[in-house]
Amino acid sequence: MDAHDPLLASLNPEQRTAVLALHGPVLMVAGAGSGKTRAITHRIAMLIREGVAPSAILAVTFTNKAAREMRARVEQLVGRGGVRVGTFHGFCASFLREEFPVIGRSGDFTIYDESDSVALMKKVLAEMKLDPTQNRPADLLRSIGRWKDKFLTPAEAVQASTFGSEAVAARAYVLFDAMMLKANACSFDDLMVQALRLLLDHEVVRQRWQRRITHVLVDEFQDTNPIQYALVRTLSAATGNLCVTGDQDQSIYSWRGADPSNFDNFLSDHPTARIVKLEQNYRSSANILGAASRLIAHNKRRIPKTLRTEAAPGEPVRVVVFNDDQEEAAAVADSAQRAVQEGADPNEIAVFYRTNSLSLPVERALMARGVRYRVVGGLEFFARAEVKDLIAWLRWMVNRQDTVSFERIINTPPRGLGDTAVERMEALALERGMALPQLAANAAALATLPERTRKSALAFCKLIGVLEASFQEGRGVRPFAEELLEQTGYSGWWATKATKAGSLDPFGNIGQFLTLAAEFDSTRGGTLADFLADISLLTDLDRTVDDGPAVNLMTLHTSKGLEFDHVFIVGVDYSILPHVWAELESRDDEEERRLLHVGMTRARERLVLCAAQLRSRFGQTVVTGPSALLDELGRDGVERFGDEAPRRDPRPFRQRWRDADGDEWAGIDAPVGDDDDEAHPLAQLREGSRVFHADWGCGEVTGLRGAARGLDRKVVVLFDGNQRRTLILRHSGLTLLD
DNA sequence: CCCTGCTAATCCACG
DNA sequence: ATTAGCAGGG
């Protein structure tokens with residue numbers, strides 16, 4: 001091959017092999033920072049140069065962001081677009097929008113996110129007459145999700161589950177899916193389940209897509225679940241042109257059904273597959289790579305792999321243990337600020353953490369120093385009430401069967417159609433054999449309602465008429481959204497409400513949403529349904545416009561696939577990493593180790609790992625201390641500060657205890673026997689007792705709360721001077737005055 | 001029917 | 001520490 005070929009010149013021999021293996025099954029094992037994206041994009045460019053139509057190439061990435069980057073790089077290489085690059089969810093959504101009519105469903109379905117699904121699950125529970133506190137909707141949805149990951153139908157799940165809570169979940173699954181169908185909605189899991197079912201059950205569809213797509217590439221293959229693998233396997237079955245890329249050491253999504261044994265399945269399904277290994281690391285300093293490699297070597301179930309580097313050792317990896325999370329946050333913020341002052345690009349600085357809640361102290365510390373930052377990922381924006389309201393209105397305009405959205409908007413803003421009114425309308429709808437939304441849009445049918453309800457319902461009905469009249473496809477999403485905000489009276493209502501709640505900029509999020517709509521109108525364009533399908537699959541990560549230089553904050557999971565010059569990882573604490581819940585789910589620590597490994601290998605030049613002895617949790621301070629994983633980094637090229645303390649004994653942090661009354665509660669230590677506590681002077685404290693506190697003075701106990709017993713209860717005190725405080729009795733420092 | 005104030009639950013990760 | 005959900009008064 002020609003070494004001067006621009007598509008090959010910049011590649012090492014391993015990468016060239018990957019690029020040149022154009023047809024047939026290929027497994028690319030690519031360690032962190034080994035130039036995998038480069039190999040994939042050059043491979044796509046090569047395919048196009050060899051005459052494959054761009055639209056016949058499907059590249060599946062893990063995030064929208066990765067998809068955008070890959071698309072841009074391919075376009076830059078070949079000078080033209082058209083390659084199908086997207087996430088599994090994105091591909092399936094557009095597939096279903098086109099193919100649902102084959103089975104008589106509308107392509108204008110609504111994609112339900114987690115909170116929408118919870119709302120629907122609550123209706124399911126109501127129908128089943130189950131108590132939502134006993135059967136938590138989110139738990140049921142998780143069970144259903146696991147069945148869906150395994151491609152089990154509701155009927156099959158019922159058959160497979162005889163045991164108590166599992167049987168309840170299976171019955172909920174049956175009803176939930178029926179209601180989803182009625183609402184013409186799909187959950188994130190459904191997108192893949194329905195797409196695969198269509199492909200498998202309908203030969204016409206299958207052949208259409210197998211002809212349409214001749215080459216399939218999958219990135220982050222270690223994080224695919226069985227359904228996703230079945231999807232790409234089916235799509236590529238006719239040609240066998242399936243190229244998967246991944247690294248088992250970066251498998252961090254087993255909790256959503258990802259199955260690393262897909263690697264083995266791929267090889268047994270494709271015996272002729274070519275295996276290419278990329279083991280040259282181009283990203284990190286030798287010290288960073290060394291520490292990360294020593295860490296991951298502690299995993300037992302792993303094919304040993306060694307990443308090479310030609311980089312200099314660089315500065316040492318630093319491990320710092322602080323007294324508490326405040327100190328930790330302050331130190332990280334100081335260090336980031338100093339780096340910026342010394343000329344570093346803030347965009348090249350990142351702070352990672354295991355759980356989203358850990359971002360808060362860091363955010364405050366950065367804010368206090370005036371350092372600009374952005375929180376990457378998450379759903380904060382799309383979870384805002386006003387954004388959800390507006391989306392619900394738009395959704396319902398497209399899909400009148402969407403009950404979850406309907407119930408959100410029927411009385412938003414308030415128009416006298418509260419719970420009782422809606423119940424009455426539901427009853428009437430049932431009587432008339434109509435769907436509720438249908439009824440709401442039908443003036444004649446509403447005539448029999450009681451005076452007040454009827455008036456409100458008719459007004460709503462009229463409003464729908466006005467909105468329908470002003471809705472014209474092609475005029476753009478933004479103008480319609482603006483009109484909707486006015487016609488429904490939402491703008492005025494929200495302004496008063498938000499101002500009362502103390503918001504300085506009540507239209508901030510709505511404005512951002514409108515900008516998003518305007519962007520859609522001016523770039524991609526399309527119907528309102530297209531727009532809704534797009535934004536349903538977006539996270540805040542994708543909404544981030546170029547907002548200038550800022551330090552990046554994100555979870556370790558979100559960091560996958562990214563790289564930064566400076567990386568700080570906070571909260572490498574006992575009970576946080578490995579996270580205790582991972583233990584409770586009887587998952588071993590290997591995935592948690594991989595998670596830290598992923599975070600570490602994002603760093604190019606500078607890596608700092610932080611832990612704290614004390615950390616605030618639910619507003620209270622708990623003892624944590626450095627994680628045992630920090631011992632596995634070795635000494636070579638690693639500098640430690642404040643990390644001499646012995647590790648805590650590995651007792652699960654969230655140990656469950658049962659008290660004398662049989663009530664279960666969670667805590668660090670075993671409950672102190674009631675016998676000991678009985679003797680304590682505060683044990684006599686009752687509602688109405690007079691008490692004294694060193695900081696707050698005298699006061700009166702107005703209540704005792706919480707599931708705990710004895711001195712572990714919370715006590716509410718109204719101090720003289722009208723200050724109300726809630727304290728844990730044992731640590732309250734109160735003196736009983738009576 | 002709407003608003004207020006109190007209570008209980010929350011925080012493991014993602015599209 | 002924050003917030004969603006609920007009971008009781010206007």
Side-chain angles (χ1 to χ4, degrees), chain A residues 60-67 86-93 111-115 117-118 122 132-133 136 138 142 145 186-192 220 223 225 228 252-258 352-361 364 376-379 382-383 385 411 413-422 452-453 456 497 500-501 534-542 554-560 571 575-585 587 591-592 594-595 598-599 615-622 654 665-666 702-708 714 716 724 726:
Chain A
V60 189
T61 57
F62 201 69
T63 62
N64 292 305
K65 184 165 189 277
T87 61
F88 274 104
H89 295 92
F91 170 76
C92 291
I111 300 172
Y112 276 2
D113 69 14
E114 235 114 83
S115 70
S117 297
V118 165
K122 282 183 183 159
T133 52
R136 296 198 339 212
R142 239 189 304 277
C186 284
S187 67
F188 289 131
D189 297 328
D190 284 338
L191 294 173
M192 274 143 358
E220 310 285 11
D223 289 324
N225 64 31
Q228 293 168 331
I252 55 176
Y253 282 95
S254 75
W255 50 273
R256 62 173 218 202
F352 303 154
Y353 33 82
R354 174 72 228 272
T355 69
N356 281 308
S357 60
L358 293 175
S359 76
L360 214 64
R364 293 205 172 127
V376 181
L379 294 163
F382 291 102
N411 205 30
R415 59 177 66 80
L417 293 173
D419 293 346
T420 28
V422 173
R452 254 172 79 180
T453 312
S456 308
K497 191 177 143 94
K500 247 191 253 170
D534 273 14
I535 61 166
S536 298
L537 298 171
L538 294 188
T539 65
D540 287 8
L541 172 65
D542 307 304
M554 70 192 82
T555 64
L556 286 164
H557 281 90
T558 304
S559 78
K560 194 170 64 154
S575 86
I576 293 179
L577 193 69
H579 198 279
V580 277
W581 287 30
E583 283 177 48
L584 289 183
E585 284 164 7
R587 251 194 285 127
E591 181 153 314
E592 302 283 311
R594 289 194 291 266
L595 195 47
V598 165
R615 205 169 278 279
S616 139
R617 200 184 161 87
F618 297 137
Q620 268 150 46
T621 303
V622 297
R654 231 177 156 208
W665 64 287
T702 59
L704 288 160
R705 295 213 235 104
K714 286 181 183 170
V716 187
R724 188 185 297 279
T726 305

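These numbers were taken from a predicted model, which means no experiment stands behind them.
- A:D190 has its CG atom 13 Å from the C1' atom of B:dG15, to the nearest Å.
- A:E592 has its CD atom 12 Å from the P atom of B:dA13, to the nearest Å.
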Could I get a table of every N or O pair under 3.5 Å where one atom is in the protein and the other is in nucleotides 2-5 of chain C?
residue, atom, partner, partner atom, Å
C:dT2, OP1, A:R364, NH2, 3.4
C:dG5, OP1, A:K122, NZ, 3.0

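- Among the protein residues, A:F62 comes within range of the sugar-phosphate backbone only, with heavy atoms under 4.0 Å from sugar or phosphate atoms but none that close to a base.
- Taking A:F88 as the reference, nothing meets the ring-ring contact (aromatic ring centres under 6.0 Å, His included) condition, with sequence neighbours excluded.
- Spacing between atom CZ of A:R615 and atom C1' of B:dC11 amounts to 13 Å, rounded to whole angstrom units.
- The distance between atom NZ of A:K65 and atom C1' of B:dG15, rounded to the nearest whole Å, is 16 Å.
- The ring-ring contact (aromatic ring centres under 6.0 Å, His included) test applied to A:F188 returns A:H89, not counting sequence neighbours.
- In this structure, A:F618 forms no aromatic stack with the base of B:dC11, since the conditions of centre separation below 5.5 Å and plane angle below 30° are not both met.
- Looking at heavy-atom distances under 4.0 Å, A:R136 makes contact with sugar-phosphate atoms alone, never a base.
- Between A:F62 and A:Y253, the two ring planes are tilted [angle within 30° to 60°].
- Remark: P of B:dC14 and CZ of A:R142 are 14 Å apart, rounded to the nearest angstrom.
- Position along DNA chain B of the nearest nucleotide to A:T355 versus A:S536 favours A:T355 as the more 5'-ward residue.
- Aromatic stacking of A:Y253 on B:dA13: not satisfied for centres closer than 5.5 Å together with planes under 30 degrees.
- At the heavy-atom level, A:S616 lies nowhere under 4.0 Å from the strands shown.
- Summarising the geometry of A:A67 relative to A:G86, their closest heavy-atom pair is CB-CA, 3.9 Å, with the distance given to 0.1 Å.
- When heavy atoms are screened at a 4.0 angstrom cut-off, A:T558 is found touching the sugar-phosphate backbone but no base atom.
- Here A:N356 pairs with nothing under the side-chain hydrogen bond (donor to acceptor under 3.5 Å, both in side chains) rule; sequence neighbours left out.
- For A:N64, no side-chain nitrogen or oxygen approaches OP1 or OP2 of B:dG15 to under 4.0 Å.
- In this view, A:T87 satisfies the side-chain hydrogen bond (donor to acceptor under 3.5 Å, both in side chains) rule with no residue, not counting sequence neighbours.
- The CZ-P distance, from A:R594 to B:dA13, rounds to 18 Å in whole Å.
- Here A:N411 lies in heavy-atom contact (under 4.0 Å) with sugar-phosphate atoms only.
- Residue contacts shown for A:S357 include a base, since a base heavy atom lies under 4.0 Å away.
- Positionally, the nearest nucleotide of DNA chain B for A:G416 lies more toward the 5' end than for the other of A:T555 and A:G416.
- Taking each heavy atom of A:I111 and A:A93 in turn, the nearest pair found is CD1-CB, 4.2 Å.
- The CD-P distance, from A:Q228 to B:dC14, rounds to 16 Å in whole Å.
- Rounded to an integer number of Å, the gap from A:F382 CZ to B:dC14 C1' is 14 Å.
- Residues forming a side-chain hydrogen bond (donor to acceptor under 3.5 Å, both in side chains) with A:S559 (at least two apart in sequence, or on another chain): none.
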